[in-house]
Amino acid sequence: MSKPELNLEALKKLQLKVMQDVSASAIIPLMRIGDQLGIFKYLSNLGEVSSHELADKSSLDERYLREWLYATAAAGFTSYNSEANTFSLTPEQAAVFADDEGPASMMGAYDMLTGAIHNEDKVKEAFKTGDGVDYKDSCPICFQGTARFFKPSYEKNLVRSWLPKIDNLEEKMNAGASFADIGCGYGLSTMIIAQTFPNAHVCGYDIHEPSINEARKLAKKAGLGDRIEYNTADAKSYKGQHDYIAFFDCLHDMGDPVGAAKYAYNQLKDGGSVILIEPTANDNPEDNFNLFGQMYYCFSTIGCVPTSKSQEVGLALGAQAGPKKLIDVLNEAGFKNCKVVKKNASNMVIEARKN
Ligand SMILES: C[S@@+](CC[C@H](N)C(=O)[O-])C[C@H]1O[C@@H](n2cnc3c(N)ncnc32)[C@H](O)[C@@H]1O
(Lines give C-alpha, C1' and ligand atoms only; values in the text may rest on other atoms or scores of the structure.)
Protein backbone atom coordinates (compact mmCIF):
# COMPACT_ATOMS: atom_id res chain seq x y z
CA MET A 1 0.00 0.00 0.00
CA SER A 2 1.40 3.40 -0.92
CA LYS A 3 1.94 5.86 1.90
CA PRO A 4 -0.68 8.62 2.11
CA GLU A 5 0.55 12.02 1.01
CA LEU A 6 1.52 14.23 3.93
CA ASN A 7 0.06 17.65 4.48
CA LEU A 8 3.31 19.54 5.02
CA GLU A 9 1.71 22.36 6.98
CA ALA A 10 0.08 19.88 9.38
CA LEU A 11 3.34 17.93 9.63
CA LYS A 12 5.33 21.05 10.49
CA LYS A 13 2.79 22.09 13.11
CA LEU A 14 2.88 18.63 14.72
CA GLN A 15 6.68 18.52 14.71
CA LEU A 16 6.85 21.97 16.30
CA LYS A 17 4.49 20.82 19.06
CA VAL A 18 6.65 17.72 19.64
CA MET A 19 9.78 19.89 19.79
CA GLN A 20 8.14 22.20 22.34
CA ASP A 21 7.19 19.21 24.49
CA VAL A 22 10.60 17.53 24.09
CA SER A 23 12.36 20.75 25.04
CA ALA A 24 10.07 21.19 28.06
CA SER A 25 10.65 17.57 29.12
CA ALA A 26 14.44 17.70 28.63
CA ILE A 27 14.73 20.10 31.54
CA ILE A 28 13.06 17.75 34.05
CA PRO A 29 16.28 16.19 35.45
CA LEU A 30 17.96 19.61 35.56
CA MET A 31 15.10 21.01 37.60
CA ARG A 32 15.37 18.15 40.08
CA ILE A 33 19.14 18.67 40.31
CA GLY A 34 18.67 22.41 40.77
CA ASP A 35 16.10 21.77 43.47
CA GLN A 36 17.95 19.05 45.37
CA LEU A 37 21.36 20.72 45.27
CA GLY A 38 19.83 24.07 46.20
CA ILE A 39 21.10 25.83 43.04
CA PHE A 40 17.94 27.91 42.66
CA LYS A 41 18.19 28.90 46.33
CA TYR A 42 21.86 29.89 45.95
CA LEU A 43 20.94 32.05 42.96
CA SER A 44 18.05 33.58 44.87
CA ASN A 45 20.24 34.41 47.87
CA LEU A 46 23.37 35.50 46.01
CA GLY A 47 21.84 37.84 43.42
CA GLU A 48 23.75 38.22 40.16
CA VAL A 49 26.72 35.81 39.95
CA SER A 50 29.07 34.26 37.43
CA SER A 51 29.19 30.48 37.16
CA HIS A 52 32.57 30.62 38.96
CA GLU A 53 31.14 32.62 41.88
CA LEU A 54 28.19 30.22 42.06
CA ALA A 55 30.59 27.26 42.06
CA ASP A 56 32.63 28.84 44.88
CA LYS A 57 29.62 29.52 47.07
CA SER A 58 27.89 26.22 46.42
CA SER A 59 30.97 23.97 46.31
CA LEU A 60 29.59 22.49 43.08
CA ASP A 61 31.51 21.90 39.87
CA GLU A 62 31.74 25.04 37.72
CA ARG A 63 31.53 23.27 34.35
CA TYR A 64 28.33 21.41 35.28
CA LEU A 65 26.88 24.57 36.74
CA ARG A 66 27.67 26.59 33.63
CA GLU A 67 25.86 24.12 31.36
CA TRP A 68 22.92 23.97 33.80
CA LEU A 69 22.78 27.78 33.83
CA TYR A 70 22.74 27.99 30.02
CA ALA A 71 20.00 25.37 29.84
CA THR A 72 17.79 27.03 32.44
CA ALA A 73 18.42 30.48 30.94
CA ALA A 74 17.40 29.12 27.51
CA ALA A 75 14.17 27.94 29.14
CA GLY A 76 13.57 31.36 30.72
CA PHE A 77 13.91 29.84 34.20
CA THR A 78 17.08 31.81 35.08
CA SER A 79 18.25 35.16 33.68
CA TYR A 80 21.50 35.76 31.81
CA ASN A 81 23.38 39.05 31.60
CA SER A 82 25.44 38.58 28.42
CA GLU A 83 27.61 41.67 29.01
CA ALA A 84 28.73 40.62 32.46
CA ASN A 85 28.42 36.88 31.79
CA THR A 86 26.42 36.53 34.99
CA PHE A 87 23.22 34.78 36.03
CA SER A 88 20.42 35.70 38.38
CA LEU A 89 16.76 35.10 39.19
CA THR A 90 14.02 37.67 38.68
CA PRO A 91 11.65 37.95 41.67
CA GLU A 92 9.16 35.84 39.69
CA GLN A 93 11.73 33.14 38.90
CA ALA A 94 12.71 33.09 42.59
CA ALA A 95 9.05 32.78 43.64
CA VAL A 96 8.40 29.84 41.31
CA PHE A 97 11.71 27.94 41.71
CA ALA A 98 13.41 28.96 44.97
CA ASP A 99 10.66 29.46 47.53
CA ASP A 100 9.14 26.11 48.40
CA GLU A 101 6.97 27.65 51.10
CA GLY A 102 5.54 30.37 48.88
CA PRO A 103 2.21 30.28 47.03
CA ALA A 104 3.86 30.55 43.59
CA SER A 105 6.13 27.49 43.96
CA MET A 106 5.88 24.96 41.15
CA MET A 107 8.84 22.68 41.86
CA GLY A 108 6.63 19.81 43.02
CA ALA A 109 5.61 19.32 39.40
CA TYR A 110 9.12 18.11 38.58
CA ASP A 111 8.95 15.53 41.38
CA MET A 112 5.64 14.30 39.95
CA LEU A 113 7.10 14.10 36.44
CA THR A 114 10.18 12.22 37.65
CA GLY A 115 8.01 9.81 39.64
CA ALA A 116 5.80 9.28 36.59
CA ILE A 117 8.78 8.35 34.43
CA HIS A 118 9.94 5.83 37.05
CA ASN A 119 6.46 4.23 37.08
CA GLU A 120 6.65 3.46 33.37
CA ASP A 121 7.65 -0.23 33.60
CA LYS A 122 4.96 -1.20 36.09
CA VAL A 123 2.24 0.65 34.20
CA LYS A 124 3.42 -0.77 30.88
CA GLU A 125 2.87 -4.29 32.27
CA ALA A 126 -0.53 -3.24 33.57
CA PHE A 127 -1.52 -2.17 30.05
CA LYS A 128 -1.07 -5.80 29.00
CA THR A 129 -2.83 -7.45 31.95
CA GLY A 130 -5.43 -4.81 32.78
CA ASP A 131 -4.35 -5.09 36.44
CA GLY A 132 -3.71 -2.08 38.61
CA VAL A 133 -0.57 -0.77 40.27
CA ASP A 134 -1.00 -0.19 44.00
CA TYR A 135 -0.26 3.40 45.05
CA LYS A 136 2.27 2.08 47.58
CA ASP A 137 4.28 0.53 44.71
CA SER A 138 4.62 3.87 42.90
CA CYS A 139 8.05 5.46 42.81
CA PRO A 140 8.35 7.20 46.24
CA ILE A 141 9.13 10.53 44.54
CA CYS A 142 5.43 10.53 43.57
CA PHE A 143 4.36 10.81 47.22
CA GLN A 144 6.38 13.93 48.04
CA GLY A 145 5.69 15.26 44.52
CA THR A 146 1.93 15.02 44.98
CA ALA A 147 2.13 16.89 48.27
CA ARG A 148 4.41 19.62 46.92
CA PHE A 149 2.48 19.95 43.68
CA PHE A 150 -0.90 20.56 45.33
CA LYS A 151 0.34 22.57 48.33
CA PRO A 152 0.50 26.05 46.73
CA SER A 153 -2.99 25.67 45.34
CA TYR A 154 -4.39 24.63 48.74
CA GLU A 155 -2.58 27.53 50.41
CA LYS A 156 -3.92 29.99 47.90
CA ASN A 157 -7.44 28.70 47.43
CA LEU A 158 -8.67 26.39 50.16
CA VAL A 159 -9.49 28.89 52.88
CA ARG A 160 -9.80 31.98 50.70
CA SER A 161 -12.02 30.78 47.91
CA TRP A 162 -13.04 27.11 48.07
CA LEU A 163 -14.26 26.45 51.63
CA PRO A 164 -16.28 29.72 51.81
CA LYS A 165 -18.49 28.23 49.07
CA ILE A 166 -19.54 25.39 51.37
CA ASP A 167 -22.78 26.02 53.17
CA ASN A 168 -22.27 27.43 56.70
CA LEU A 169 -18.80 25.92 56.93
CA GLU A 170 -17.01 28.78 58.63
CA GLU A 171 -19.69 29.19 61.27
CA LYS A 172 -19.87 25.47 62.01
CA MET A 173 -16.09 24.99 62.06
CA ASN A 174 -15.64 27.92 64.44
CA ALA A 175 -18.26 26.32 66.67
CA GLY A 176 -16.30 23.04 66.85
CA ALA A 177 -17.43 20.98 63.86
CA SER A 178 -15.69 17.74 62.94
CA PHE A 179 -13.82 17.65 59.62
CA ALA A 180 -12.38 14.49 58.02
CA ASP A 181 -9.85 14.77 55.19
CA ILE A 182 -10.01 11.40 53.37
CA GLY A 183 -7.05 10.39 51.19
CA CYS A 184 -5.11 13.19 52.86
CA GLY A 185 -1.64 12.04 51.73
CA TYR A 186 0.98 14.14 53.56
CA GLY A 187 -1.88 16.10 55.15
CA LEU A 188 -0.97 19.58 53.91
CA SER A 189 -4.65 20.40 53.35
CA THR A 190 -5.47 18.91 56.78
CA MET A 191 -2.91 21.20 58.44
CA ILE A 192 -4.31 24.30 56.71
CA ILE A 193 -7.77 23.42 57.99
CA ALA A 194 -6.56 22.77 61.55
CA GLN A 195 -4.62 26.05 61.54
CA THR A 196 -7.55 28.06 60.21
CA PHE A 197 -10.18 26.58 62.51
CA PRO A 198 -8.62 26.01 65.94
CA ASN A 199 -11.97 25.01 67.49
CA ALA A 200 -12.68 22.29 64.94
CA HIS A 201 -11.94 18.61 65.40
CA VAL A 202 -9.77 17.70 62.40
CA CYS A 203 -8.86 14.18 61.22
CA GLY A 204 -6.85 12.91 58.27
CA TYR A 205 -7.11 9.41 56.83
CA ASP A 206 -5.20 7.69 54.06
CA ILE A 207 -4.80 4.10 52.94
CA HIS A 208 -1.04 4.68 52.50
CA GLU A 209 0.73 4.27 55.84
CA PRO A 210 4.03 5.99 54.86
CA SER A 211 2.04 9.10 53.86
CA ILE A 212 0.21 9.10 57.20
CA ASN A 213 3.54 8.75 59.03
CA GLU A 214 4.89 11.73 57.09
CA ALA A 215 1.68 13.68 57.79
CA ARG A 216 2.14 13.06 61.53
CA LYS A 217 5.75 14.27 61.36
CA LEU A 218 4.82 17.43 59.45
CA ALA A 219 1.96 18.22 61.83
CA LYS A 220 4.26 17.80 64.84
CA LYS A 221 6.84 20.10 63.24
CA ALA A 222 4.13 22.72 62.65
CA GLY A 223 3.00 22.50 66.29
CA LEU A 224 -0.26 20.80 65.26
CA GLY A 225 0.62 17.33 66.51
CA ASP A 226 -2.14 17.27 69.12
CA ARG A 227 -4.67 19.11 66.96
CA ILE A 228 -4.96 16.61 64.11
CA GLU A 229 -5.89 12.96 64.46
CA TYR A 230 -4.25 10.97 61.66
CA ASN A 231 -5.02 7.34 60.97
CA THR A 232 -4.18 4.85 58.27
CA ALA A 233 -7.56 3.81 56.91
CA ASP A 234 -9.20 3.35 53.56
CA ALA A 235 -12.18 5.39 52.48
CA LYS A 236 -14.59 2.67 53.56
CA SER A 237 -13.26 1.96 57.05
CA TYR A 238 -12.44 5.13 59.00
CA LYS A 239 -14.29 5.77 62.21
CA GLY A 240 -16.41 8.57 63.60
CA GLN A 241 -19.22 10.87 62.56
CA HIS A 242 -18.25 14.11 60.89
CA ASP A 243 -19.85 17.38 59.80
CA TYR A 244 -17.61 17.59 56.73
CA ILE A 245 -15.96 14.77 54.85
CA ALA A 246 -13.50 15.96 52.22
CA PHE A 247 -11.94 14.16 49.27
CA PHE A 248 -9.20 16.45 48.02
CA ASP A 249 -7.92 15.25 44.68
CA CYS A 250 -8.33 11.60 45.55
CA LEU A 251 -11.86 10.28 44.86
CA HIS A 252 -10.95 9.50 41.26
CA ASP A 253 -7.89 7.52 42.52
CA MET A 254 -10.10 5.19 44.52
CA GLY A 255 -11.20 1.84 43.17
CA ASP A 256 -14.71 2.17 44.55
CA PRO A 257 -15.66 5.85 44.60
CA VAL A 258 -19.37 4.99 44.89
CA GLY A 259 -18.60 2.81 47.93
CA ALA A 260 -16.41 5.57 49.39
CA ALA A 261 -19.16 8.16 48.87
CA LYS A 262 -21.80 5.81 50.36
CA TYR A 263 -19.57 5.24 53.38
CA ALA A 264 -19.13 9.01 53.71
CA TYR A 265 -22.92 9.46 53.50
CA ASN A 266 -23.29 7.15 56.50
CA GLN A 267 -20.46 8.80 58.46
CA LEU A 268 -21.88 12.31 57.94
CA LYS A 269 -23.82 13.94 60.73
CA ASP A 270 -27.21 15.38 59.82
CA GLY A 271 -26.75 18.63 57.91
CA GLY A 272 -23.23 17.62 56.92
CA SER A 273 -21.57 17.75 53.50
CA VAL A 274 -19.06 15.93 51.41
CA ILE A 275 -16.56 18.31 49.82
CA LEU A 276 -15.02 17.06 46.63
CA ILE A 277 -12.06 18.78 45.04
CA GLU A 278 -11.16 17.36 41.66
CA PRO A 279 -9.14 18.55 38.68
CA THR A 280 -11.23 20.85 36.51
CA ALA A 281 -12.57 18.99 33.50
CA ASN A 282 -15.41 19.08 31.04
CA ASP A 283 -17.78 16.17 30.52
CA ASN A 284 -16.77 15.61 26.88
CA PRO A 285 -13.18 14.39 26.50
CA GLU A 286 -12.59 16.55 23.45
CA ASP A 287 -13.28 19.63 25.55
CA ASN A 288 -10.32 18.65 27.75
CA PHE A 289 -7.84 18.53 24.89
CA ASN A 290 -5.88 21.53 26.13
CA LEU A 291 -2.85 22.31 28.30
CA PHE A 292 -4.36 21.14 31.62
CA GLY A 293 -6.09 18.19 29.97
CA GLN A 294 -2.83 16.98 28.43
CA MET A 295 -1.14 17.06 31.84
CA TYR A 296 -4.00 15.50 33.79
CA TYR A 297 -4.70 12.71 31.28
CA CYS A 298 -0.96 11.87 31.40
CA PHE A 299 -0.77 11.78 35.21
CA SER A 300 -4.05 9.87 35.19
CA THR A 301 -2.75 7.16 32.83
CA ILE A 302 0.42 6.65 34.83
CA GLY A 303 -0.96 7.20 38.36
CA CYS A 304 -4.69 7.55 38.95
CA VAL A 305 -6.04 4.79 36.69
CA PRO A 306 -3.46 2.19 37.87
CA THR A 307 -4.15 3.08 41.53
CA SER A 308 -7.90 2.76 41.09
CA LYS A 309 -7.59 -0.50 39.14
CA SER A 310 -5.49 -1.98 41.97
CA GLN A 311 -8.41 -1.63 44.39
CA GLU A 312 -11.78 -3.32 44.85
CA VAL A 313 -14.20 -2.48 41.95
CA GLY A 314 -11.48 -0.64 40.01
CA LEU A 315 -13.84 1.91 38.49
CA ALA A 316 -10.95 4.08 37.27
CA LEU A 317 -12.82 7.36 36.90
CA GLY A 318 -9.62 9.09 35.74
CA ALA A 319 -8.42 12.57 36.66
CA GLN A 320 -10.55 14.21 33.95
CA ALA A 321 -13.85 12.55 34.81
CA GLY A 322 -15.78 15.81 34.60
CA PRO A 323 -18.64 17.05 36.79
CA LYS A 324 -21.40 14.84 35.39
CA LYS A 325 -19.65 11.53 36.14
CA LEU A 326 -18.59 12.76 39.58
CA ILE A 327 -22.09 13.92 40.46
CA ASP A 328 -23.50 10.59 39.16
CA VAL A 329 -21.17 8.82 41.62
CA LEU A 330 -22.44 11.01 44.46
CA ASN A 331 -26.08 10.53 43.43
CA GLU A 332 -25.61 6.76 43.31
CA ALA A 333 -24.21 6.94 46.84
CA GLY A 334 -27.42 8.62 48.05
CA PHE A 335 -26.59 12.32 47.81
CA LYS A 336 -29.47 14.19 46.21
CA ASN A 337 -28.19 17.71 46.56
CA CYS A 338 -24.88 18.05 44.68
CA LYS A 339 -23.44 20.96 42.80
CA VAL A 340 -20.23 22.47 41.51
CA VAL A 341 -19.76 25.43 43.83
CA LYS A 342 -16.45 26.74 42.49
CA LYS A 343 -14.20 26.22 39.51
CA ASN A 344 -10.87 27.67 38.42
CA ALA A 345 -8.43 26.66 35.67
CA SER A 346 -7.09 23.66 37.58
CA ASN A 347 -9.67 22.60 40.16
CA MET A 348 -13.38 22.37 40.77
CA VAL A 349 -15.18 22.06 44.07
CA ILE A 350 -18.35 20.00 44.41
CA GLU A 351 -20.51 20.05 47.51
CA ALA A 352 -22.81 17.10 48.24
CA ARG A 353 -25.17 17.73 51.12
CA LYS A 354 -26.56 14.92 53.22
CA ASN A 355 -29.94 16.65 53.58
C1 LIG B 1 -3.33 12.22 44.40
S2 LIG B 1 -3.10 11.79 46.06
C3 LIG B 1 -3.80 13.20 46.89
C4 LIG B 1 -3.33 13.34 48.30
C5 LIG B 1 -3.84 14.57 49.03
N6 LIG B 1 -5.27 14.58 49.17
C7 LIG B 1 -3.38 15.84 48.34
O8 LIG B 1 -4.23 16.51 47.74
O9 LIG B 1 -2.17 16.14 48.37
C10 LIG B 1 -4.34 10.55 46.31
C11 LIG B 1 -4.34 9.97 47.71
O12 LIG B 1 -5.46 9.09 47.83
C13 LIG B 1 -5.08 8.01 48.65
N14 LIG B 1 -5.99 6.89 48.40
C15 LIG B 1 -6.12 6.16 47.26
N16 LIG B 1 -7.06 5.24 47.42
C17 LIG B 1 -7.55 5.35 48.68
C18 LIG B 1 -8.56 4.69 49.40
N19 LIG B 1 -9.27 3.71 48.86
N20 LIG B 1 -8.80 5.09 50.67
C21 LIG B 1 -8.09 6.11 51.22
N22 LIG B 1 -7.11 6.78 50.57
C23 LIG B 1 -6.86 6.42 49.30
C24 LIG B 1 -3.64 7.74 48.23
O25 LIG B 1 -2.96 6.95 49.18
C26 LIG B 1 -3.11 9.16 48.06
O27 LIG B 1 -2.53 9.64 49.24
Side-chain angles (χ1 to χ4, degrees), residues 105 108-109 111-113 115-116 119 132-158 162-163 179-193 202-216 218-219 228 230-239 245-264 267 274-279 295-296 298-321 329 333 346-349:
S105 173
D111 291 345
M112 295 263 285
L113 292 164
N119 285 349
V133 180
D134 196 314
Y135 187 72
K136 72 174 167 20
D137 297 326
S138 305
C139 170
I141 303 168
C142 296
F143 311 141
Q144 93 178 29
T146 303
R148 285 180 88 191
F149 184 63
F150 290 125
K151 180 180 175 225
S153 180
Y154 292 148
E155 286 196 332
K156 204 163 103 197
N157 298 305
L158 195 55
W162 293 346
L163 294 182
F179 190 108
D181 188 354
I182 313 299
C184 65
Y186 279 20
L188 302 183
S189 50
T190 332
M191 286 205 290
I192 293 173
I193 287 157
V202 182
C203 316
Y205 300 100
D206 200 289
I207 197 171
H208 184 235
E209 189 162 17
S211 287
I212 286 294
N213 291 340
E214 189 61 29
R216 284 200 185 106
L218 292 171
I228 305 175
Y230 282 118
N231 280 299
T232 304
D234 80 30
K236 295 189 289 186
S237 72
Y238 55 91
K239 301 276 178 285
I245 297 183
F247 295 85
F248 294 157
D249 227 304
C250 61
L251 190 76
H252 66 264
D253 293 299
M254 294 177 182
D256 183 11
V258 175
K262 260 188 203 158
Y263 190 82
Q267 301 307 115
V274 154
I275 305 167
L276 200 61
I277 295 181
E278 281 285 316
M295 177 188 72
Y296 279 129
C298 291
F299 284 142
S300 186
T301 310
I302 216 83
C304 315
V305 166
T307 297
S308 177
K309 271 174 146 307
S310 75
Q311 298 181 10
E312 203 180 22
V313 182
L315 188 66
L317 277 171
Q320 290 285 269
V329 163
S346 65
N347 286 99
M348 58 191 178
V349 183

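Counting starts at 1 for both ligands and their atoms, in listed order. Small disclaimer: the values here were computed from a predicted structure and weren't measured.
Note on ligand 1: C184 sits in its first shell, one or more heavy atoms being nearer than 4.0 Å. Proximity of Y154 to ligand 1 is established by a heavy-atom distance of less than 4.0 Å.
Protein heavy atom closest to atom 9 (O) of ligand 1, with residue, atom name and distance, is F150 CD1, 3.7 Å. What sits closest to atom 15 (C) of ligand 1 on the protein, heavy atoms only, is Q311 NE2, 3.7 Å. Nearest non-hydrogen protein atom to atom 24 (C) of ligand 1 is D206 OD1, 3.5 Å. The nearest heavy-atom contact from the protein to atom 10 (C) of ligand 1 is D253 OD2, 3.4 Å. The protein non-hydrogen atom at the shortest distance from atom 14 (N) of ligand 1 is I207 CG2, 3.8 Å. Residue, atom and distance of the protein heavy atom nearest to atom 12 (O) of ligand 1 are C250 CB, 3.4 Å. Summary of contacts: the protein heavy atom closest to atom 5 (C) of ligand 1 is G183 O, 3.3 Å. Considering only non-hydrogen protein atoms, atom 3 (C) of ligand 1 sits nearest to D249 O, 3.4 Å.
A distance of 3.5 Å separates CD1 of I212 from SG of C184, quoted to the nearest 0.5 Å. Atoms CG and CH2, on N157 and W162 in that order, are 4.5 Å from each other to the nearest 0.5 Å. The CG atom of N231 sits 9.5 Å away from the NZ atom of K239 when rounded to the nearest 0.5 Å.
Under 4.0 angstrom from ligand 1, the non-hydrogen atoms of A235 come from both its backbone and its side chain. When heavy-atom distances to ligand 1 are checked against a 4.0 Å cut-off, K151 has no atom that comes that close, whether in backbone or side chain.
Ring orientation note: the planes of Y154 and F248 are tilted relative to one another, at an angle of 30° to 60°.
Every atom of ligand 1 with a heavy atom of H208 under 4.0 Å away is listed here by number and element: 25 (O).
In terms of N/O distances under 3.5 Å, ligand 1 is not approached by I182. For a threshold of 3.5 Å applied to N or O pairs, the pair formed by T146 and ligand 1 contains no separation below that value. Looking at F248 next to ligand 1, an N or O pair under 3.5 Å apart turns up.
D249 is not listed as a side-chain neighbour of T146, based on a closest heavy-atom distance of 4.5 Å or more. The shortest side-chain heavy-atom distance between I245 and Y263 does not fall under the 4.5 Å cut-off. Contact check for D181 versus V202: no side-chain heavy atoms found under the 4.5 Å cut-off.
N119 approaches C139 most closely through the heavy-atom pair OD1-N, 2.8 Å. Contact between Y205 and A233 at its shortest, heavy atoms only, is CD2-CB, 4.0 Å.
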Practice prompt. Take L188 and F150 through the side chain to side chain contact (heavy atoms under 4.5 Å, CB included) test and state the conclusion after the steps.
Written response: CA-CA 9 Å; L188 302 183; F150 290 125; over 6 Å; no
